[in-house]
Amino acid sequence: MSKLLENLNTEQHAAVTLPPQAALILAGAGSGKTRVLTTRIAWLLQTGQASPASILGVTFTNKAAKEMLTRLGAMLPINTRGMWIGTFHGLCNRMLRAHYREAALPQTFQILDTADQLAAIKRLLKALNVDDEKFPPRELQHFINANKEAGYRPQQVEAWDEYTRKRVELYHEYDAQCQKEGVVDFPELLLRSYELLSRNEPIRRHYQLRFRHILVDEFQDTNRLQYLWLKILAAHGAEQPAAIFAVGDDDQSIYGFRGAEVGNMRDFEREFHVASVIRLEQNYRSHGNILDAANAIIANNSKRLGKNLWTDQGSGEPIRVYEAPTDIDEGRWIVEEIQQLVRDGASRSDVALLYRSNAQSRVLEQQLFSSGVPYKVYGGLRFFERQEIKHALAYLRLLANPDDDTAFLRVVNFPTRGIGARSLELLQDSARTFNTSLYATVPHLSGKPASAIGGFVRLIEEMRHATEELPLYEIVDHILDTSGLRAHYRAEREGQERLENLDELVSAARYFMNEADAPVAEGEEAQHGDPLSRFLAHASLEAGDHQAEAGQDAVQLMTVHAAKGLEFDAVFITGVEDGLFPHEQSMNDIASLEEERRLMYVAVTRARKRLYLTLAQSRMLHGQTRYAIKSRFFEEIPEGLLKWLTPRVQAGFGASASYGQRSGGSSSYGGWNKSPVSPKPREAMPQQPSRDLGGLRIGQLVRHAKFGDGVILAAEGSGADAKVQINFGSAGVKWLLLSLAKLEAIG
DNA sequence: CCTGCATTCTTTTTT
DNA sequence: AGAATGCAGG
């Protein structure tokens with residue numbers, strides 16, 4: 001046991017060995033959070049305080065769950081299979097499969113992913129003749145999910161206005177449709193599971209007695225419903241509540257926009273009477289300057305639980321800042337810098353390019369590509385979300401559950417079978433009359449549509465018959481041929497990759513079966529449900545690990561969100577401009593600006609040794625050149641931590657151009673810093689935007705007869721329409737037509 | 001039923 | 001700019 005606790009610092013040790021009671025661990029970035037979580041489980045097991053079956057480990061991503069299991073396996077020679085460790089959704093799915101009757105679901109219930117759900121909503125609106133201009137499907141989807149994630153069924157939603165009353169009604173209809181079709185969307189997995197626990201006493205008691213230790217990762221990301229779910233599982237308020245061990249960091253809460261409630265941390269502390277909150281503040285990742293910058297940034301947020309990271313690693317290098325004239329120059333400079341790092345011995349995979357939004361990756365990719373620097377972009381379309389895969393899965397879903405109308409409509413005419421919108425409308429109408437699923441309605445049909453659609457139903461029936469006795473992967477293989485999907489993509493010009501993906505689906509099925517059919521070891525329970533349904537659930541819940549394709553040593557590109565939890569020797573945070581980061585849609589109210597700030601905090605704390613902040617004075621966005629000034633977050637970083645590699649010509653009055661370049665100054669780290677700081681002096685003067693601004697440019701100080709002195713923030717249009725945005729300080733920020741306003745360049 | 005053009009809308013993302 | 005959807009015409 002002592003071995004387990006070796007090398008833990010005081011706080012980590014204290015957290016791991018806490019008595020089994022409600023605990024809140026505030027774990028700063030890079031403070032060994034995952035280590036504490038897994039060591040805690042190992043310690044509970046090894047000291048005999050817990051059996052594997054009594055442990056419930058909850059994460060948000062499959063990746064995190066997998067990592068927990070891997071690390072546990074390395075620590076203890078135990079069978080981790082007896083424990084329930086998984087994502088909220090995965091665990092709820094497991095529970096609902098086991099008690100599908102009590103949860104009023106068909107045994108083969110299918111899971112709708114976000115796109116399926118949207119399709120289902122559109123279909124509903126059409127069937128009910130609802131104007132989708134007045135009730136945009138996406139908005140309705142958001143409304144439904146937000147309510148589910150707050151724990152509200154339609155009856156519980158307060159509707160004060162006509163509009164909301166209608167949306168509640170649609171929410172109700174939507175639920176009814178899902179129930180009829182035997183499908184469940186993501187938030188429904190949780191809500192259903194929660195309701196099952198609250199309504200069914202024996203089942204509730206069963207799980208409450210079983211899970212004595214509940215460990216929750218990334219607690220700051222929980223939404224209301226997830227909190228309620230944990231609360232009921234832990235038998236909160238009962239005499240013998242389970243011990244919840246919650247680990248989180250309020251400063252890294254960056255999912256407020258999708259319903260995460262940081263407030264759950266405070267509520268947890270209060271409602272569960274957490275005796276003492278343990279703070280993990282020693283950072284093992286970043287050098288001092290990087291941490292100082294991070295601390296300084298996050299200090300501007302209000303309502304923090306309070307935490308200050310420190311390190312004993314020394315301050316390290318200054319943070320390098322580069323301001324480029326355009327986004328293309330920004331990308332080019334970054335690529336040169338990366339090439340220099342690589343020449344100095346860095347490996348490309350230890351270098352990350354982070355950006356606020358995905359749209360920014362293109363310019364960077366172009367530069368990397370044309371320079372022949374290998375790179376990998378994270379966060380594209382995932383395997384199970386590809387259209388050919390979704391088509392194949394739709395056939396499989398129909399085999400498992402013919403009432404799945406979404407799946408039916410997806411493939412009834414794909415590949416084309418001469419079934420048009422007209423026939424389908426007819427079918428949908430009579431399905432409403434008979435109150436049956438589309439599939440079940442087909443026999444009632446007469447006339448021409450009947451034969452075409454009847455043929456489709458016969459095809460599915462034949463598939464079902466032919467695959468009855470086959471193992472899973474052969475079922476998949478079989479439907480790829482009999483559905484005509486393979487033939488379809490073979491005929492398509494660009495179909496080669498899709499065909500390969502379909503083959504990969506067969507492999508995925510084979511792999512899935514091997515995993516699933518592993519002999520059931522002692523202390524392990526068999527999972528519920530038939531292999532096909534389980535495979536389909538797996539496909540919905542784990543849309544595909546793009547992490548899988550390791551490949552060569554490549555520079556890592558991703559959004560800041562995607563970078564949470566990761567770390568790199570060198571990190572470039574790109575596009576650090578007002579309007580981009582913070583994003584313009586989040587600049588105006590305090591709550592969302594604070595989330596942007598946390599996002600910046602997350603970004604900064606990804607770096608181990610070297611951090612770059614880069615920005616561009618102009619960039620193409622939505623097909624238009626936009627001009628921006630440096631991010632307001634620069635003001636929050638102590639000037640002494642920054643090394644400007646470009647002259648500072650910036651907004652703010654009287655800001656004199658200061659050149660940050662001072663030779664050397666930094667010490668060397670990690671072996672790949674052979675050349676001091678900036679390899680070569682770079683072009684210093686920002687170029688004038690290639691637009692006639694009458695000798696003006698962004699950042700230019702100007703004088704206006706009425707508004708006084710100001711600085712140009714942005715420009716738009718050209719010729720007679722050319723407008724500039726100027727910050728006149730106390731006189732405000734104004735857009736002025738260049739042709740009308742008499743502006744005099746000063747400074 | 002398919003094809004091509006117009007219109008729209010673009011943060012972040014996991015399940 | 002570019003993707004993705006929706007609608008008119010072949």
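Note on naming: letters A, B, ... go to the chains in the order of the sequence lines (proteins, then strands), and numbering restarts at 1 for each one. In this text the structure is predicted, and so the values were computed from the model without any measurement.
With distances taken from any side-chain atom of A:T87 to the nucleotides B:dT12, B:dT15, C:dA1, the minimum falls on B:dT15. Distance from the side chain of A:M620 is smallest for C:dA1 among the nucleotides C:dA1, B:dT11, B:dT15. Of all nucleotides listed (B:dT13, B:dT11, B:dT14), B:dT14 comes nearest to the side chain of A:T61. When the nucleotides B:dC2, B:dT15, B:dT11 are ranked by their closest atom to the side chain of A:Q585, B:dT11 comes out on top.
Look at A:T559 and you'll find a side-chain N or O under 4.0 angstrom from OP1 or OP2 of B:dT13. Remark: A:S540 is not in phosphate contact with B:dT15, judged by side-chain N or O atoms under 4.0 Å from OP1 or OP2. Between A:N358 and B:dT12, a side-chain N or O to OP1/OP2 separation shorter than 4.0 Å is present.
Aromatic ring centres of A:F257 and A:H583 lie farther apart than the 6.0 Å criterion allows.
Per the geometry, CG belonging to A:N223 stands 18 Å off P belonging to B:dT13, to the nearest Å. Atom-to-atom, CD of A:Q117 to P of B:dT13 comes out at 19 Å; the value is rounded to the nearest Å. The CE atom of A:M600 sits 18 Å away from the P atom of B:dT11 (whole-angstrom rounding).
Separation of atoms OH (A:Y375) and CD (A:Q556) is listed at 13.0 Å; rounding is to 0.5 Å. Residue A:L189 holds its CG atom at 10.5 Å from CG of A:L225, rounded to the nearest 0.5 Å. Considering CG of A:L215 and CG of A:L37, their distance stands at 5.5 Å, rounded to 0.5 Å.
A search for side-chain hydrogen bond (donor to acceptor under 3.5 Å, both in side chains) contacts involving A:R153 returns A:D175, A:E188, A:E195, not counting sequence neighbours.
With hydrogens and angles ignored, a donor-acceptor pair closer than 3.5 Å exists between the side chain of A:T114 and the base of B:dT15.
Between A:F257 and B:dT12, a base-stacking contact is recorded: ring centres under 5.5 Å apart, planes less than 30° from parallel.
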Dump every N/O contact between nucleotides 2-10 of chain C and the protein below 3.5 Å, one line per pair.
none

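Checked by atom type, the side-chain pair A:Q117/A:Q141 shows a donor-acceptor distance below 3.5 Å.
Toward the 5' end of DNA chain B, the nearer of the two residues A:S357 and A:L189, judged by each one's closest nucleotide, is A:S357.
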